[in-house]
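Both backbone and side-chain heavy atoms feed into the values below; hydrogens, waters and symmetry mates do not. Keep in mind that this is a model prediction, so the values were computed, not measured.
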Amino acid sequence: MTAFLAPALVTILLIRVIPFLGAIWSTLHVRDGVGLLADERFAGFENYIDLLSDPLFQATLGRTLVFNLVINPLQIALALAIAVLLTRRLPARGLWRMAVFIPCTIPLVGSSIAWGVALRADGPVNGILEFLGLPAQPFLTSPTQALASIMLVASWVGIGYWMVFLVAGINDIPDELYEAAALDGAGGWRSFWSVTLPMLRRPLLFVLVADTVANFVLFVPMQMLTDGGPQNSTTMLMFDAYRRTYTYSQPNQGATATVILTVIMLVIVFVQFRLLKEDK
């Protein structure tokens, strides 16, 4: 058994554990200079203190938390609603499922490019708004609309992906439970709250945790569509870590931002497991 597990364990060690330990080690140092001639000195928690006391980083941290507090429940609620609808006896149900899932088959880079074109000032979305007699919107170029536009791009892919897991979970619920609920006089809404949701606890926990991690490390739409702007309105922790490392040549602070992001994710995932754990 150990021999069979060895390749997987070695892979995890090489691509997960060692890089993360290296990142932690990097957070404890400060680089003086740029490039190969730069010297590193041990600085303890200086990077953490500098970042956490930086108003721009504090704003980025708060923006990341708000982003996830909004987009995670929104994506999961919509995915659950679509999953419930598409497990009913609908005409061409398989085609509807495929239509919702198709965006998941397109790489996020491709989806970001398509939405970047759609949300331009002269793009088709504004064309539809003007046809309906509504004013054109700035979308990705507006500090107040850019973040919502990023949520739209992320949800375009995410909702169909999480729907698949929830459809599988709903299909695993025994029909006898719904029949018993109907005999007790429960309608569709009551059956959903008393049967569907309790029996979906495990799939929902998986979807919630996976969606949380995916949105915390979301990077491509910000990098391709807004570059963190306008006015840093779409700068999240993941993009901030990338920018500090590769744009500002501050790899130690970039590693520090990554570690802070990882710790926050682990804390939130732990709380989610505690809240949704099954009763013994």
Run the side chain to side chain contact (heavy atoms under 4.5 Å, CB included) check on Y242 and M222 step by step: do they pass? CA-CA 11 Å; Y242 161 82; M222 291 82 162; over 6 Å; no
Take T235 and R243 through the side chain to side chain contact (heavy atoms under 4.5 Å, CB included) test and state the conclusion after the steps. CA-CA 10 Å; T235 298; R243 188 164 58 183; 3.3 Å; yes
So R97 and T87, do their side chains get closer than 4.5 Å, heavy atoms only? yes
Separation between OG1 (T27) and CD (Q253), nearest 0.5 Å, reads 11.0 Å
Correct closest heavy-atom pair for A136 and E130 would be CB-OE2, 3.5 Å
Given salt bridge (charged side-chain N to carboxylate O under 4.0 Å, His left out), test R244 with D54 step by step and report yes or no. CA-CA 13 Å; R244 289 177 186 275; D54 182 359; 3.6 Å; yes
In the single-linkage hydrophobic clustering (I, L, V, M, F, W, Y; side-chain heavy atoms under 4.5 Å), do I24 and F45 co-cluster? yes
How close do I106 and S111 get, counting heavy atoms only, and between which atoms? CG2-OG, 3.7 Å
Going by the rule salt bridge (charged side-chain N to carboxylate O under 4.0 Å, His left out), which residues pair with D175 if we only count those two or more places apart in sequence or in a different chain? none
Dump the intermediate steps for side chain to side chain contact (heavy atoms under 4.5 Å, CB included) on F57 and L237, then the final yes or no. CA-CA 8 Å; F57 184 81; L237 280 178; 3.6 Å; yes
Taking all atoms of both residues into account, what is the closest heavy-atom pair of P230 and A146, and its distance? CD-CB, 3.7 Å
Rounded to the nearest 0.5 Å, how far apart are CG of L147 and OG of S142? 11.0 Å
Is there a side-chain contact between L80 and W162 in this structure, where contact means two heavy atoms from C-beta onward sitting under 4.5 Å apart? no
P19 to L13 - nearest heavy-atom pair and separation: CD-O, 4.1 Å
Pairwise distance CD1(I264) to OG1(T64) - rounded to 0.5 angstrom: 7.5 Å
Would you say that more than 12 heavy atoms from the other residues, nucleotides or ligands in this model lie under 6.0 Å from the CD of Q231, or not? no
Ignoring hydrogens, what is the shortest heavy-atom contact between P103 and V157? Give both atom names and the distance. O-CG2, 4.1 Å
Taking every heavy atom of F216 against every heavy atom of M238, the minimum-distance pair comes out as O-CB, 3.9 Å
What's the spacing between M236 CE and L65 CG if we round to 0.5 Å? 10.0 Å
Heavy-atom check, side chain of F139 versus side chain of L152, under 4.5 Å: no
Other residues, nucleotides and ligands only: do more than 12 of their heavy atoms fall within 6.0 Å of CZ on R93? yes
If only atom types and distance count, is the side chain of N126 paired as donor or acceptor with the main-chain N or O of D122 below 3.5 Å? no
Non-hydrogen side-chain atoms of F67 and T234 separated by less than 4.5 Å: no
Heavy-atom distance under 4.5 Å between the side chains of R41 and E46, does that happen here? yes
Check whether any side-chain heavy atom of I268 lies under 4.5 Å from a side-chain heavy atom of Q272, and answer yes or no. yes
How long is the gap from CZ on F206 to CG on L200, to the nearest 0.5 Å? 13.5 Å
Contact check, side chains of D240 and L261, non-hydrogen atoms, under 4.5 Å: no
Rounding to 0.5 Å, atoms CD1 (I150) and OG (S112) come to a distance of 7.0 Å
Set out, in order, the CA-CA distance, both residues' side-chain angles and the distance that settles side chain to side chain contact (heavy atoms under 4.5 Å, CB included) for F219 and L108, then state yes or no. CA-CA 10 Å; F219 172 78; L108 191 53; over 6 Å; no
With sequence neighbours left out, the residues meeting ring-ring contact (aromatic ring centres under 6.0 Å, His included) with F20 are none
Could you tell me whether the side chain of M151 reaches within less than 4.5 Å of the side chain of L74, counting heavy atoms only? no
